[in-house]
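Take a look at the structure below.
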Amino acid sequence: MGALLRGGRRLIERWAPRADLERALVVCAHPDDVDFGAAGTVAVWTGSGVEVAYCVVTDGEAGGTDRSMPRSEMAALRRAEQRAAAAEVGVSQVTFLGYPDGRVEGGLALRRDITRVVRTFRPDLVLAPSPERWWDRIYASHPDHLAAGEAATCAVYPDARNPFAHPELLDEGLEPHTVAELWLMASPGANVAVEITGTFDRKIAALHRHRSQMPDPEATAARVREAAEGIAASAGMPEGSLAEMFRRVPTGGA
Ligand SMILES: [Zn+2]
């Protein structure tokens with residue numbers, strides 16, 4: 001595992017496979033968020049035997065530009081696209097929470113619903129959108145992302161581990177669970193990079209499953225490749241490498 005300090009900026013550590021990572025849960029606001037932010041990493045994980053599940057807060061029914069399509073049809077289409085994209089990177093468990101796209105609020109109901117998924121799947125790691133706005137990349141900080149990220153963070157600590165949080169979950173037979181690590185997508189304070197050179201084609205295959213959101217698939221692939229090259233360079237990887245980056249927060253222990 002290497003680390004590098006560039007231009008006085010934060011250290012970005014290179015992630016290496018670990019035996020104590022068996023299950024990872026990705027929480028995101030919309031269908032396609034995980035594929036833009038983390039599908040290469042998900043493919044690395046599933047390729048090394050990690051079981052990965054997705055929890056998508058909305059159905060993404062406010063997406064696309066076709067005003068003639070009923071929004072309920074768009075929701076069904078986007079759920080199907082997300083399931084197909086998940087399959088491209090080895091993920092078969094996808095839970096949709098059905099919150100309204102564009103109006104997500106990180107309140108107690110969402111915390112409870114994410115906590116329910118955490119206590120059911122019992123992941124070692126939760127990957128979620130950053131609840132912190134990134135002023136250098138404002139489009140990554142959609143309000144739904146910030147709200148989903150805040151609720152997921154609260155679900156990891158303290159809700160999932162506290163038996164007295166959302167007591168109705170105990171009534172459902174869901175015992176407390178402590179998640180060891182929280183990873184945040186699109187974080188202004190990224191500190192870990194995952195090399196995805198070997199899984200990049202699968203990330204693009206997953207992204208291309210979101211046909212309703214992809215007017216120019218080749219342009220999207222080129223843009224995503226350029227970003228992945230930049231991340232790899234900032235993490236000190238050799239030229240030609242591709243990477244995704246995250247903020248890693250230890251959440252085990254206390
Ligand atoms: Zn989104």
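Counting convention: from 1, in listed order, for ligands and their atoms alike. Keep in mind it's a predicted model, so treat the numbers as computed, not measured.
A side-chain donor from one of Thr41 and Glu244 sits under 3.5 Å from a side-chain acceptor of the other. Side-chain contact of Glu81 with Gln213: a donor-acceptor pair under 3.5 Å is absent, judged by distance alone.
Among heteroatoms of the N, O or S kind in Asp33, OD1 lies nearest the Zn ion (ligand 1). Within His30, the N, O or S atom at minimum distance from the Zn ion (ligand 1) carries the name ND1.
With a cut-off of 2.8 Å, the Zn ion (ligand 1) has an N, O or S atom of His145 in range. Not a single N/O/S atom of Asp144, whether from backbone or side chain, sits less than 2.8 Å from the Zn ion (ligand 1).
Under the ring pair (Phe, Tyr, Trp, His ring centres under 6.0 Å) criterion, Phe246 pairs with Trp183, not counting sequence neighbours. Annotation: side-chain contact (heavy atoms from CB on, under 4.5 Å) contacts of Leu97 (sequence neighbours excluded): Cys55, Val57, Thr95, Tyr99, Leu110, Asp113, Ile114, Val117.
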